[in-house]
Amino acid sequence: SQRLDGAVYAASNAALMLAQLGDAPGALAEAERIVRRAPNSVDMRAALAALYYGEGRRGEAETAWEFACDGIAAGCAKYRDPDWLSRVRRWPPAMCDRLRAFLELR
């Protein structure tokens, strides 16, 4: 429903801002809650990959990224584009940096 989509989007933005403010554990917990509620959220699957990687949980990061790319119809192509991620999707700099670091090692 549109109401659920709006709630998921708002919660996703809150999780991203927690990471920007330095609360990686809080961001990770929020992102995991969102994925349970909206399992096909490419945005939060990509965010989980970045957050897991930042916490040294590389296997979980790979799993989250693979699901975003292969398990969801929308796919992850846009999330590979740093300009789109920061300018269009408006991820905060800390999360853009985390995802960039993860993607550089792939």
Side-chain angles (χ1 to χ4, degrees):
S1 78
Q2 189 172 5
R3 184 180 297 190
L4 177 62
D5 290 345
V8 167
Y9 191 72
S12 297
N13 285 337
L16 295 171
M17 287 316 306
L18 285 171
Q20 180 63 34
L21 295 172
D23 183 5
L28 191 52
E30 184 66 20
E32 288 171 337
R33 276 192 293 275
I34 295 163
V35 165
R36 281 192 298 276
R37 187 172 181 190
N40 290 329
S41 171
V42 176
D43 197 56
M44 279 299 97
R45 295 288 180 165
L48 277 175
L51 289 163
Y52 285 143
Y53 180 76
E55 297 295 306
R57 297 162 61 178
R58 186 159 185 192
E60 290 167 284
E62 291 287 345
T63 299
W65 183 253
E66 287 171 11
F67 191 89
C69 295
D70 303 330
I72 302 172
C76 63
K78 290 180 181 177
Y79 289 84
R80 295 177 188 271
D81 178 357
D83 181 60
W84 180 86
L85 195 60
S86 64
R87 194 175 52 78
V88 177
R89 175 52 189 96
R90 297 186 184 268
W91 269 26
M95 284 299 294
C96 289
D97 292 345
R98 282 177 181 246
L99 187 60
R100 186 176 309 116
F102 169 71
L103 293 174
E104 285 174 357
L105 291 178
R106 295 195 94 246

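Owing to the predicted nature of the structure, the values given are computational and were not obtained by experimental measurement. All values below were derived from every heavy atom in this structure, side-chain atoms included, with hydrogens, water molecules and symmetry-related copies excluded. Throughout, residue positions are numbered sequentially from 1 according to the sequence presented.
Annotation: the span from Phe102 atom CZ to Asp97 atom CG amounts to 15.0 Å, rounded to 0.5 Å. Rounding to the nearest 0.5 Å places CG of Leu99 at 9.5 Å from CZ of Arg80. In this structure, OG1 in Thr63 is found 6.0 Å from CD in Glu66, a value given to the nearest 0.5 Å. Of the inter-residue distances, the one linking Met95 atom CE with Leu18 atom CG reads 10.5 Å to the nearest 0.5 angstrom. The distance from the CG atom of Asp70 to the CH2 atom of Trp65 is 10.5 Å, given to the nearest 0.5 Å.
In this structure, Tyr79 and Leu103 have side chains that are not in contact, with every pair of non-hydrogen atoms separated by 4.5 Å or more. Proximity of Phe67 to Asn40: side-chain heavy atoms (C-beta onward) are separated by under 4.5 Å at one or more points. Side-chain atoms of Asp43 and Tyr9, non-hydrogen and from C-beta on, never get closer than 4.5 Å to each other.
Applying the disulfide (SG to SG under 2.5 Å) rule to Cys96 yields no partners; only residues at least two apart in sequence or on another chain are considered. Leu28 meets the side chain to side chain contact (heavy atoms under 4.5 Å, CB included) test with Glu32, Leu48, Leu51, Tyr52, Glu55, Arg57; sequence neighbours excluded.
Met17 and Val88 fall into different hydrophobic clusters, where Ile, Leu, Val, Met, Phe, Trp and Tyr residues are linked whenever their side-chain heavy atoms come under 4.5 Å apart, directly or through other members. The hydrophobic clustering, which links ILVMFWY residues whose side-chain heavy atoms are closer than 4.5 Å, places Val8 and Ile72 together.
Arg45 and Ala68 make their closest contact through CB-CB, 3.6 Å (heavy atoms, listed as atom of the first residue, atom of the second, distance). Arg58 and Tyr53 get closest at one heavy-atom pair: CD-CE1, 4.5 Å. Between Ala74 and Val42, the shortest heavy-atom distance links the atoms CB-CG2, 4.0 Å. Closest non-hydrogen pair, Ala27 versus Ala15, comes out as CB-O, 3.2 Å.
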Before you tell me yes or no, could you show the steps for Met44 and Leu16 under side chain to side chain contact (heavy atoms under 4.5 Å, CB included), namely the whole-Å CA-CA distance, both residues' side-chain angles and the distance that decides it to 0.1 Å?
CA-CA 9 Å; Met44 279 299 97; Leu16 295 171; 4.2 Å; yes

Test Arg100 against Ser86 for side chain to side chain contact (heavy atoms under 4.5 Å, CB included), laying out the working first.
CA-CA 11 Å; Arg100 186 176 309 116; Ser86 64; over 6 Å; no

